Student: 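Dropping the structure in here first, questions after.
All values below come from the heavy atoms of this structure, side chains included, with hydrogens, waters and symmetry mates left out. Remember, predicted model here, so these are calculated numbers, not experimental data.
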Amino acid sequence: MKHAQYDVVVVGGGHAGCEAAHAAARMGGRVALVTLDPAKIGVMSCNPAIGGLGKGHIVREIDAMGGIMAKAADASGIQFRLLNRRKGPAVQGPRAQSDRALYKVAIQKSLREQPNVGILAGEVVDFVQTGDRVKAVTLADGTVLPCMAVVLTTGTFLGGVIHIGHDRHDGGRMGESAVTRLAHRLRDLGLRTGRLKTGTPPRLDGRTIDWDRLDTQPGDEDPAFFSFATRRVAVRQVACGITHTNARTHDIIRENLAKSAMYGGAIDGVGPRYCPSIEDKIVRFAEKEAHQVFLEPEGLKDHTVYPNGISTSLPREVQADYVRSMVGLERAEIVQPGYAIEYDYSDPRGLTSALQVPEVQGLYLAGQINGTTGYEEAAAQGLTAGMNALKSTRDEGPVVLSRVDAYIGVMIDDLTTKGVSEPYRMFTSRAEYRLSLRADNADQRLTPLAQAAGLIPGDQWAAFSAKLDRLTSVESRLAQMSITPKAARAAGIEVKEDGQKRTGMELLAFPDVSFEDLEGLNPSLADVDTETRVQLNRQALYQSYIERQKRDVDALNRDANWTFPPAFDFASVTGLSSELRAKLSAVRPESIAQAGRIEGMTPAATMLLLARLKHDERRAS
Ligand code: FAD
């Protein structure tokens with residue numbers, strides 16, 4: 001069948017593909033989203049949750065750029081928790097557990113309602129080039145879709161192999177086929193590919209769990225949403241159950257390690273160390289007597305429960321044994337066994353920072369295919385690739401977010417410069433500018449830039465502009481205040497009697513001064529709305545730290561040439577994770593600059609190395 005010419009064809013309907021298609025269409029492009037099974041668009045392959053530390057920041061950034069993940073997470077959220085609530089706003093991470101079915105419905109609705117997105121069922125097996133420019137994709141049934149750019153977001157499907165104990169079969173996700181022809185095509189193109197793995201726990205029937213014997217964890221009373229537009233929860237909220245592994249659980253797992261696909265030698269791919277399987281936990285943390293397991297309901301009308309913390313590739317009967325060894329799970333029935341999946345990824349160092357394959361004009365890669373793990377990381381890459389794919393069709397230069405702009409910029413810079421040796425996920429420690437890359441100011445950082453690229457719908461721009469007007473007008477009122485220490489103290493604000501006059505913003509920067517305190521000095525501030533108060537308070541609080549952060553980062557760049565003495569003992573540097581100590585000891589970088597380029601190194605870790613070198617030098621002199 002002959003198809004119309006598309007601007008962009010997006011291959012895959014996962015988290016990367018949906019954002020890619022939506023972004024290119026928001027910018028006015030004609031888009032086709034081709035996926036194996038359109039009914040599975042927006043499926044959460046693993047845990048029914050969005051956000052968390054670092055990841056939550058990414059979701060806010062996606063929303064700030066007009067994307068769809070945040071609104072879908074809010075619409076389907078059955079439990080909201082702001083992680084690190086007691087720490088500063090820079091490292092707080094919004095997280096929500098989703099009703100899996102409602103999340104999918106929300107994503108599919110966003111795509112349906114977005115003009116210019118056509119959804120097609122099919123397997124993309126090849127793409128056609130004219131010279132070095134892509135001009136069409138070919139489906140397994142021979143259909144050719146002419147287009148000017150292609151975004152590949154094939155997730156865990158390329159060369160996917162599923163393992164449960166010694167059983168293995170090809171598959172991209174449980175119950176879905178793997179993709180082999182496209183995997184070969186990418187290898188033929190000369191893209192460097194490797195194998196990674198990830199795993200998922202068994203799903204339990206909630207009706208067979210003894211909830212009365214479990215501790216519970218409710219959500220927050222004042223939920224922190226992902227989207228700047230969300231004002232209230234959309235559906236009923238639920239609590240999670242908590243149980244623990246115990247000596248018996250550990251014995252069962254230890255006795256059966258040889259039957260685990262990961263430990264029996266069946267899997268070559270590297271898995272995420274920070275998201276270990278239960279087998280890994282028992283082996284690596286042998287001294288621990290128990291591990292916490294959160295029992296997360298998968299939906300309001302679904303009895304399935306996701307036991308967070310026990311992903312596995314042990315045989316099904318062993319899974320049943322160890323699950324039933326835990327309190328409250330003695331009668332638990334498994335509705336789907338846990339499994340591990342191995343898949344091809346493409347080395348992201350082969351991509352530009354717009355996520356384009358440089359050898360093929362118009363070809364972009366986004367999501368798990370680039371070696372990341374996680375819905376949020378995939379979605380953010382999808383948005384970036386979709387936007388830049390469309391821009392390429394208009395001969396416009398790419399929009400590239402830098403490490404100063406966004407966590408999305410940090411991730412893409414890490415991927416394209418350092419590559420991955422294990423599935424990459426976001427952490428706040430990866431960002432050197434984390435005090436300014438806060439979840440609360442994602443819109444101020446990114447919405448104007450996204451508006452310029454054509455990504456922001458009219459209503460979102462109007463709401464953002466009104467918010468910004470309120471912020472700037474109140475900020476200028478605060479900046480015009482000139483308060484003597486005496487006047488401040490008379491209003492109950494404790495400042496030094498140093499004779500120095502201060503503006504309202506300077507007063508607000510003191511940790512124990514609130515916006516309400518300023519009303520005593522300027523009663524006209526009483527009419528300022530809560531959102532503006534809270535935001536200005538945060539901005540004032542962080543201002544001086546942000547200046548210090550900039551000095552630290554500048555110093556780090558200046559000190560990049562510091563070298564390590566030949567006998568430097570990386571294992572003895574305190575504050576580094578054991579993974580990083582092992583990696584540094586193996587690689588033995590010669591300089592700070594080289595250490596910073598090692599995959600997995602964070603700016604905070606580089607800072608620790610530099611501090612140690614300076615300390616050693618001081619002692620020697
Ligand atoms: P996916 O969501 O995998 O979507 C890929 C899409 O591409 C699908 O719609 C598929 O139909 C389509 N597709 C593939 N090939 C073709 C083709 N040739 N033609 C047409 N369509 C095609 N993340 C975590 O953060 N933590 C975890 O613990 C975790 N565990 C996981 C465990 C398992 C078993 C799996 C499968 C995934 C796990 N993930 C985990 C990863 C998470 O699911 C992914 O990071 C995320 O879904 C990736 O999004 P994506 O859009 O890149 O790909």
Side-chain angles (χ1 to χ4, degrees), residues 14-20 22-23 26 42-85 89-100 102-104 106-107 110 153 219-220 223-231 233-234 366-368 372-387 401 405-412 424-428 430-431 434 437-447 449-450 455-457 460 464:
H15 307 275
C18 294
E19 291 290 352
H22 206 268
R26 282 202 302 285
V43 156
M44 297 170 128
S45 315
C46 193
N47 59 331
I50 297 286
L53 301 176
K55 287 169 173 272
H57 289 72
I58 291 185
V59 185
R60 296 279 282 185
E61 291 179 354
I62 291 170
D63 186 64
M65 298 185 74
I68 56 179
M69 174 171 259
K71 290 198 181 74
D74 288 341
S76 59
I78 54 177
Q79 187 191 93
F80 292 86
R81 281 170 57 78
L82 186 62
L83 307 185
N84 276 348
R85 189 175 272 273
V91 291
Q92 291 175 347
R95 179 184 191 271
Q97 237 177 272
S98 284
D99 178 308
R100 190 186 281 289
L102 293 179
Y103 183 85
K104 199 172 77 165
I107 290 286
S110 305
T153 68
D220 291 341
F225 299 112
F226 290 109
S227 172
F228 286 92
T230 306
R231 295 284 171 261
V233 295
Q368 190 116 357
T372 59
T373 176
Y375 310 139
E376 305 80 359
E377 289 83 350
Q381 290 172 69
L383 191 153
T384 307
M387 160 176 70
L401 299 179
D405 297 323
Y407 274 87
I408 300 177
V410 171
M411 171 177 65
I412 293 177
Y424 177 101
R425 68 150 287 182
M426 185 46 77
F427 298 109
T428 48
R430 294 199 194 265
R434 61 185 165 279
L437 301 186
R438 303 190 308 274
D440 65 77
N441 67 3
D443 56 346
Q444 287 162 264
R445 291 185 277 120
L446 297 174
T447 305
L449 187 150
L455 281 167
I456 302 294
Q460 184 172 352
F464 171 75

Student: Would L401 and I412 count as a side chain to side chain contact (heavy atoms under 4.5 Å, CB included) if you check the C-alpha gap in whole Å, the side-chain angles of each, and the deciding distance to 0.1 Å?
Tutor: CA-CA 8 Å; L401 299 179; I412 293 177; over 6 Å; no
Student: Output all residues satisfying salt bridge (charged side-chain N to carboxylate O under 4.0 Å, His left out) with K71, sequence neighbours left out; order by chain, then residue number.
Tutor: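 D63.
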Student: What residues, two or more places apart in sequence or in another chain, satisfy ring-ring contact (aromatic ring centres under 6.0 Å, His included) together with F225?
Tutor: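 In terms of ring-ring contact (aromatic ring centres under 6.0 Å, His included), with neighbours along the sequence ignored, F225 is linked to F80.
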Student: When you compare the side chain of L455 with that of L383, does any pair of heavy atoms fall below 4.5 Å?
Tutor: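 SC-SC contact between L383 and L455 confirmed.
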Student: Would you please name every residue forming a salt bridge (charged side-chain N to carboxylate O under 4.0 Å, His left out) with D74, sequence neighbours left out?
Tutor: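 Partners of D74 under the salt bridge (charged side-chain N to carboxylate O under 4.0 Å, His left out) test: none.
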Student: Rounded to the nearest 0.5 Å, how far apart are OG1 of T373 and CD of Q368?
Tutor: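 Nearest 0.5 Å value for the OG1-CD distance: 5.0 Å.
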Student: Could you tell me whether a side-chain N or O of T372 sits under 3.5 Å from a main-chain N or O of G367, the two making a donor and an acceptor?
Tutor: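 Such a contact is found between T372 side chain and G367 backbone.
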Student: Tell me the closest heavy-atom pair linking T428 and A90, and the distance in Å.
Tutor: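 It is CG2-O, 4.5 Å.
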Student: Which residues pass the side-chain hydrogen bond (donor to acceptor under 3.5 Å, both in side chains) test with D220, not counting sequence neighbours?
Tutor: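 By the side-chain hydrogen bond (donor to acceptor under 3.5 Å, both in side chains) rule, D220 matches R85.
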Student: Which pair of non-hydrogen atoms, one from A366 and one from A385, has the smallest distance, and what is that distance?
Tutor: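 Distance-wise, the nearest heavy atoms are CB-CB, 3.9 Å.
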Student: Heavy atoms only: give me the nearest I456-A64 pair and the separation to one decimal.
Tutor: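 So the two residues come closest at CD1-O, 3.5 Å.
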Student: Mind checking whether I107 and I68 have side chains closer than 4.5 Å, heavy atoms only?
Tutor: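 Heavy-atom side-chain distance check passes, below 4.5 Å.
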Student: Which of these passes side-chain hydrogen bond (donor to acceptor under 3.5 Å, both in side chains) with E376: R60, Q381, K55?
Tutor: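 Per the side-chain hydrogen bond (donor to acceptor under 3.5 Å, both in side chains) rule, the option paired with E376 is K55, out of R60, Q381, K55.
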Student: Restricting to side-chain hydrogen bond (donor to acceptor under 3.5 Å, both in side chains), what partner residues turn up for N441, sequence neighbours left out?
Tutor: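 For N441 the side-chain hydrogen bond (donor to acceptor under 3.5 Å, both in side chains) partners, ignoring immediate neighbours, are R445.
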Student: Quick one: are V410 and L437 in side-chain contact, heavy atoms under 4.5 Å?
Tutor: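 Touching, per the 4.5 Å side-chain cut-off.
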Student: Hey, does the side chain of R26 reach the backbone of G66 with a donor-acceptor pair shorter than 3.5 angstrom?
Tutor: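 Yes, R26 side chain to G66 backbone: donor-acceptor pair under 3.5 Å.
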Student: Taking side chain as C-beta onward, heavy atoms only, is V59 less than 4.5 Å from P94?
Tutor: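 V59 does not reach P94 side chain to side chain.
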Student: Which residues pass the salt bridge (charged side-chain N to carboxylate O under 4.0 Å, His left out) test with R425, sequence neighbours left out?
Tutor: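 Per chain and number, R425 pairs via salt bridge (charged side-chain N to carboxylate O under 4.0 Å, His left out) with no residue.
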Student: Can you name the closest pair of heavy atoms from A70 and F226 and give their distance?
Tutor: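 Reported closest heavy-atom pair: CB-CB, 3.6 Å.
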Student: Can you list everything that forms a salt bridge (charged side-chain N to carboxylate O under 4.0 Å, His left out) with R81? Sequence neighbours excluded, please.
Tutor: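 Salt bridge (charged side-chain N to carboxylate O under 4.0 Å, His left out) check on R81 returns nothing, list empty.
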Student: For H57, what residues pass the ring-ring contact (aromatic ring centres under 6.0 Å, His included) criterion, not counting sequence neighbours?
Tutor: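 So H57 forms a ring-ring contact (aromatic ring centres under 6.0 Å, His included) with Y407.
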Student: Return yes if some donor-acceptor pair links the side-chain N/O of E377 with the main-chain N/O of M426 below 3.5 Å, else return no.
Tutor: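 At least one qualifying donor-acceptor pair exists.
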Student: Under 3.5 Å, side-chain donor or acceptor atoms of residues 44-52 against the rest of the protein: list the pairs with distances, not counting sequence neighbours.
Tutor:
from	atom 1	to	atom 2	distance (Å)
S45	OG	R173	NH1	3.2

Student: Please identify each residue that fulfils side-chain hydrogen bond (donor to acceptor under 3.5 Å, both in side chains) with S76, with sequence neighbours left out.
Tutor: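 S76 satisfies side-chain hydrogen bond (donor to acceptor under 3.5 Å, both in side chains) with S98 only.
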Student: As an exercise, state the distance from CG of L53 to CD of Q92, rounded to the nearest 0.5 Å.
Tutor: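 Those atoms lie 10.0 Å apart.
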Student: What residues form a side-chain hydrogen bond (donor to acceptor under 3.5 Å, both in side chains) with D443, not counting sequence neighbours?
Tutor: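 D443 satisfies side-chain hydrogen bond (donor to acceptor under 3.5 Å, both in side chains) with K467 once adjacent residues are dropped.
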Student: Taking only residues two or more places apart in sequence, or in another chain, which ones meet A379 in a side chain to side chain contact (heavy atoms under 4.5 Å, CB included)?
Tutor: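 Only H15, E19, I62, M69 meet the side chain to side chain contact (heavy atoms under 4.5 Å, CB included) criterion with A379.
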